[in-house]
Trainee: 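Okay, handing you the structure first.
Numbered from 1 within each chain, the chains take letters A, B, ... in sequence-line order. Note that the coordinates shown come from a computational prediction; the quantities given were computed from them, not determined experimentally. FYI, side chains are in, hydrogens and waters are out, and symmetry mates aren't considered; it's all heavy atoms of this structure.
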Amino acid sequence: MIILVPVKRVVDPYARVKPLADGSGIDTSGVKFEINPFDEIALEEAVRHKERDPNITVLAVSIGASECEEQLRKALAMGADRAILVETAEVYDSLGVAVELKAVAQAENVDVILMGKQATDDDNNQAAQMLAAKLGWPQATFAAKVEFAGRTAKVTRETDAGEETLELDLPAVITADLRLNEPRYIALPGIIKARSKPLDRRAPSAPAQSKIRRLKVEATPPRAAGRKVGSIDELVTELKNKGVLA
Amino acid sequence: MSKLLVVAFNESDVSAGAGLAAALGLPYDVLDAVGSHAVADALAPAIAGALGGYSHVAAVSSMRSKDVMARVAGIVDGAMVTDVIAAQSATVFQRPIVAGTMIETVEVLGSPTVLTFRPAGFKGSAEVGSRTPVTADAGQARRVGANERQGGRPDLTQAKVVVSGGRPLKDAATFESVIGGLADALGGAAGATRAAVDSGIAPNELQVGQTGKIVAPDLYIAAGISGSTQHMAGIKDSKVIVAINKDPDAPIFEFADYGLVADLYEAIPALLAAIGK
Ligand SMILES: Cc1cc2nc3c(=O)[nH]c(=O)nc-3n(C[C@@H](O)[C@H](O)[C@H](O)COP(=O)(O)OP(=O)(O)OC[C@H]3O[C@@H](n4cnc5c(N)ncnc54)[C@H](O)[C@@H]3O)c2cc1C
Ligand SMILES: Cc1cc2nc3c(=O)[nH]c(=O)nc-3n(C[C@H](O)[C@H](O)[C@H](O)COP(=O)(O)OP(=O)(O)OC[C@H]3O[C@@H](n4cnc5c(N)ncnc54)[C@H](O)[C@@H]3O)c2cc1C
């Protein structure tokens, strides 16, 4: 069984980033890049299944410029067997990402696609569902627990009101939520050791044809400065004056 | 033809849709999926099949709508924008990115346009045209179980008051009595940070933030919450934010309208007493 794990290179989710002065995008100078945290959870999950079942192969894929190799090397160090870089300097929207991932999934004949529910930079939460639609496969988003039995996946997923459990016949698309697992820590030597694992580069299957054009990026206007209150009574008086406390 | 179809997953989405329709300057109809538990692979084709005659299809942002609407966009090759907070026209939208620290303005170049939107930014009104129930076939995925809680409290995303707790709430019972107790006294909803949910203090559906629920109450009370970027992303639209934290340097004090440096275990009972509860 082959599990495909898409891996997006994103700005460090703990870094404080700003828009570029001309508003054309995000200023990433001097900022570290990481695997999208939700993709890291997806990867950890795939590797844990592989550690229990030697018939599982984990394949990592990233779409982007040559720098994405850094994240793919880390994915290999975490336990992926091989990696593919769909190398491009162009920007793909989520639909474009889905088209490219579909091409890889079909070329590699994968059984499961396990990926992050959203990228923490663009926060779109779209690519996986679009990919599942394009492949005509069932989907289970926001997974909190994933089990495989033969050709069936049983997924407990987070919902707006709690949890539900889905059974999906493979092939299927599953997206990882925060509570699925806690990814292992990989130190630098591990990443260097993984250098011998195969990493193929290939060209995109189709040119980027974005249906969404980014016009401007600006900082969110800050909230007006607040202040500290000295006592509960002062707090209650203020809240009553504001009309938010009866 | 320019027309909006609003997919309603909750009853309140019908009036929220009016706000969006007014901002887009489009007439709107409602496709009723209220109470439907159909899986995404069954519901999305049913919605896609109902799009004839519509230039736009939209749903209020939620886990349910993100699951389903992005699949609709995949079926119809739509131009999709997630978490729209404002519309400059029927094709130019604003949305938060990078945990709400920035606002991106995007233009959709294709049709149909598929949106999920946050109702807080859309207060206008419009007359709803038709309302049609959606009918989905059986899906490929099978829903074999659910554990969905129907608490007595108002829905987090719509509550006028939200009381949230973080990591120092110790355990589920403490969270329920301290945070839940204050929420009940104020007729509000209870929320939590990721740290509280991850450690089993609060159930997952209470997580507020970048990757949880987005709230917009009149009053948000954060008790024992440090104020991470990811948490703040979910509460920015609150009218008044109150922070109770024992660390005077906690980042949340930079954002709170009123900050109280105190131990929450002393402050919350004192607050209840002060409001006569
Ligand atoms: C300079 C710049 C300009 C941009 N301009 C535009 C623009 O004009 N229009 C526009 O729509 N977007 C633009 N973007 C953002 C765009 O590149 C998004 O990354 C794209 O929309 C995909 O959405 P997402 O990653 O948020 O998807 P999500 O749906 O949030 O991601 C879900 C999952 O999809 C997978 N995934 C997503 N991207 C990749 C990838 N590259 N490789 C492997 N897996 C991936 C991951 O598993 C991820 O967890 C721009 C970005 C930059 C840096
Ligand atoms: C990809 C990603 C997504 C994330 N999504 C979210 C999200 O959606 N929502 C979210 O909330 N987080 C999210 N996080 C996590 C976020 O970064 C923080 O780790 C989290 O919000 C911290 O929770 P906290 O404030 O409860 O805990 P802490 O940061 O540990 O803060 C606890 C606070 O309580 C105070 N305190 C301790 N004891 C008391 C007491 N007795 N009385 C008063 N104050 C006390 C302390 O001074 C401290 O400030 C995400 C992180 C990542 C990487």
Trainee: Which atoms form the tightest heavy-atom contact between Gly162(A) and Glu205(B), and what is the distance?
Mentor: CA-OE1, 3.5 Å

Trainee: Do Thr159(A) and Glu148(B) have a side chain donor and acceptor closer than 3.5 Å?
Mentor: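 A pair is found: one side chain offers a donor N or O, the other an acceptor, under 3.5 Å apart.
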
Trainee: What's the spacing between Asp198(B) CG and Glu182(A) CD if we round to 0.5 Å?
Mentor: 7.0 Å

Trainee: Under the criterion side chain to side chain contact (heavy atoms under 4.5 Å, CB included), I'd like the reasoning laid out for Leu215(A) against Val106(B): C-alpha separation, chi angles, the key distance, then a yes or no.
Mentor: CA-CA 5 Å; Leu215(A) 301 179; Val106(B) 297; 6.0 Å; no

Trainee: Any side-chain heavy atom of Lys216(A) sitting closer than 4.5 Å to one from Ile103(B)?
Mentor: no

Trainee: Would you call Asp41(B) and Gln139(A) a side-chain contact if the rule is heavy atoms closer than 4.5 Å?
Mentor: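 When only atoms from C-beta onward are counted, Gln139(A) and Asp41(B) do not touch, as no gap falls below 4.5 Å.
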
Trainee: Under a 4.5 Å cut-off applied to non-hydrogen side-chain atoms, are Leu235(A) and Val242(B) in contact?
Mentor: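 Sidechains of Val242(B) and Leu235(A): in contact.
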
Trainee: Mind listing the closest non-hydrogen atom pair of Pro19(A) and Met102(B) along with its distance?
Mentor: N-SD, 3.8 Å

Trainee: Salt-bridged, Arg214(A) to Glu104(B), with N to O below 4.0 Å?
Mentor: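 Yes, charged N to carboxylate O under 4.0 Å.
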
Trainee: With only heavy atoms counted, which part of Ala132(A) is less than 4.5 Å from chain B, the side chain, the backbone, both or neither?
Mentor: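 When you check distances to chain B, atoms from both the backbone and side chain of Ala132(A) fall under 4.5 Å.
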
Trainee: Is Glu163(A) close to chain B through its backbone or its side chain, or both, or neither, when contacts mean heavy atoms under 4.5 Å?
Mentor: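 Looking at Glu163(A), backbone and side chain both touch chain B.
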
Trainee: Check whether Ile212(A) gets within reach of chain B through its side chain, its backbone, both or neither, counting any heavy atom under 4.5 Å.
Mentor: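 Contact with chain B is through both the backbone and side chain of Ile212(A).
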
Trainee: Does any heavy atom of chain B fall under 4.5 Å from the side chain of Lys117(A), the backbone, both, or neither of them?
Mentor: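 Side chain of Lys117(A) only, per the 4.5 Å heavy-atom cut-off to chain B.
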
Trainee: What part of Arg179(A) is in contact with chain B, defined as an atom under 4.5 angstrom from a non-hydrogen atom: side chain, backbone, both or neither?
Mentor: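 Answer is side chain: those atoms of Arg179(A) sit under 4.5 Å from chain B.
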
Trainee: Ion pair present between Asp123(A) and Arg95(B), side-chain N to carboxylate O less than 4.0 angstrom?
Mentor: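 The answer is no: the pair does not qualify as a salt bridge.
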
Trainee: Apply side chain to side chain contact (heavy atoms under 4.5 Å, CB included) to Leu168(A) and Gln140(B), showing your working.
Mentor: CA-CA 7 Å; Leu168(A) 311 100; Gln140(B) 300 172 69; over 6 Å; no

Trainee: If you take all heavy atoms of Glu238(A) and Tyr258(B), which pair is closest and at what distance?
Mentor: OE1-OH, 3.2 Å

Trainee: Answer yes when Arg223(A) and Asp257(B) have at least one side-chain N-carboxylate O distance shorter than 4.0 Å, and no when they do not.
Mentor: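 Counted as a salt bridge, because a side-chain N and a carboxylate O are separated by less than 4.0 Å.
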
Trainee: Does NZ or CZ of Lys228(A) lie under 6.0 Å from the centre of the six-membered ring of Phe253(B), at an angle within 45° of the ring axis?
Mentor: yes

Trainee: Quick one: CZ on Arg16(A) to OG1 on Thr101(B), what's the gap to the nearest 0.5 Å?
Mentor: 9.0 Å

Trainee: Where on Thr175(A) is there a heavy atom nearer than 4.5 Å to chain B: the side chain, the backbone, both, or neither?
Mentor: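 Answer is neither: Thr175(A) stays 4.5 Å or more from chain B.
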
Trainee: Is Arg213(A) in contact with chain B via its backbone, its side chain, both, or neither, using a 4.5 Å heavy-atom distance?
Mentor: both

Trainee: Lys213(B) side chain to Asp160(A) main-chain N or O, any donor-acceptor pair under 3.5 Å?
Mentor: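 Yes.
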
Trainee: Where is the tightest heavy-atom contact between Gly74(B) and Lys134(A), given as atom of each residue plus distance?
Mentor: O-NZ, 3.4 Å

Trainee: At their closest point, which heavy atom of Leu245(A) faces which heavy atom of Leu186(B), and how far apart are they?
Mentor: CD1-CD2, 3.5 Å

Trainee: At under 4.5 Å between heavy atoms, what parts of residues 140-148 of chain A are in contact with chain B? List them by residue number.
Mentor: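 At a heavy-atom separation under 4.5 Å, chain B is reached by Thr141(A), Phe142(A).
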
Trainee: With the side chain counted from C-beta on, respond yes when Thr152(A) and Arg142(B) share a heavy-atom pair under 4.5 Å apart, and no when they do not.
Mentor: yes

Trainee: How far apart are the C-alpha atoms of Met63(B) and Glu158(A), what are their side-chain angles, what is the distance that settles it, and do they pass the side chain to side chain contact (heavy atoms under 4.5 Å, CB included) test?
Mentor: CA-CA 8 Å; Met63(B) 295 174 81; Glu158(A) 295 191 2; 3.8 Å; yes

Trainee: Which region of Asp177(A), side chain (C-beta onward) or backbone (N, CA, C, O), has a non-hydrogen atom less than 4.5 Å from a non-hydrogen atom of chain B, or is it both or neither?
Mentor: side chain

Trainee: Could you tell me the separation between the CD atom of Gln126(A) and the CE atom of Met80(B), rounded to the nearest 0.5 Å?
Mentor: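 Gln126(A) atom CD to Met80(B) atom CE measures 5.0 Å (nearest 0.5 Å).
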
Trainee: What part of Ala270(B) is in contact with chain A, defined as an atom under 4.5 angstrom from a non-hydrogen atom: side chain, backbone, both or neither?
Mentor: both

Trainee: So for Ile275(B), is it side chain, backbone, both, or neither that comes closer than 4.5 Å to the heavy atoms of chain A?
Mentor: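 Only the side chain of Ile275(B) comes within 4.5 Å of chain A.
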
Trainee: Determine whether more than 12 heavy atoms belonging to other residues, nucleotides or ligands lie under 6.0 Å from atom CD of Gln106(A).
Mentor: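 Result for CD/Gln106(A): enclosed.
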
Trainee: What part of Thr156(A) gets closer than 4.5 Å to chain B, counting heavy atoms only: side chain, backbone, both or neither?
Mentor: neither

Trainee: Quick check on Leu95(A) against chain B: is it the side chain, the backbone, both or neither that has a heavy atom closer than 4.5 Å?
Mentor: side chain

Trainee: Counting only non-hydrogen atoms closer than 4.5 Å, does Val17(A) touch chain B with its backbone (N, CA, C, O), its side chain (CB onward), both, or neither?
Mentor: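 Contact with chain B is through both the backbone and side chain of Val17(A).
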
Trainee: Mind checking whether Thr105(B) and Glu218(A) have side chains closer than 4.5 Å, heavy atoms only?
Mentor: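 Thr105(B) reaches Glu218(A) side chain to side chain.
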
Trainee: For Asp77(B), which atoms come within 4.5 Å of any heavy atom of chain A: side chain, backbone, both, or neither?
Mentor: both

Trainee: Taking all non-hydrogen atoms of both residues, which atom of Ile232(A) and which atom of Ala274(B) are closest, and how far apart?
Mentor: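 Minimum heavy-atom contact is CG2-CB, 3.8 Å.
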
Trainee: Given a strict heavy-atom distance threshold of 4.5 Å, which part of Val72(B) is in contact with chain A: side chain, backbone, both, or neither?
Mentor: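 Neither part.
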
Trainee: Counting heavy-atom pairs closer than 4.5 Å to chain B, which one of Ala161(A), Ser231(A), Pro221(A) comes out on top?
Mentor: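 The option with the most such pairs is Ala161(A).
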
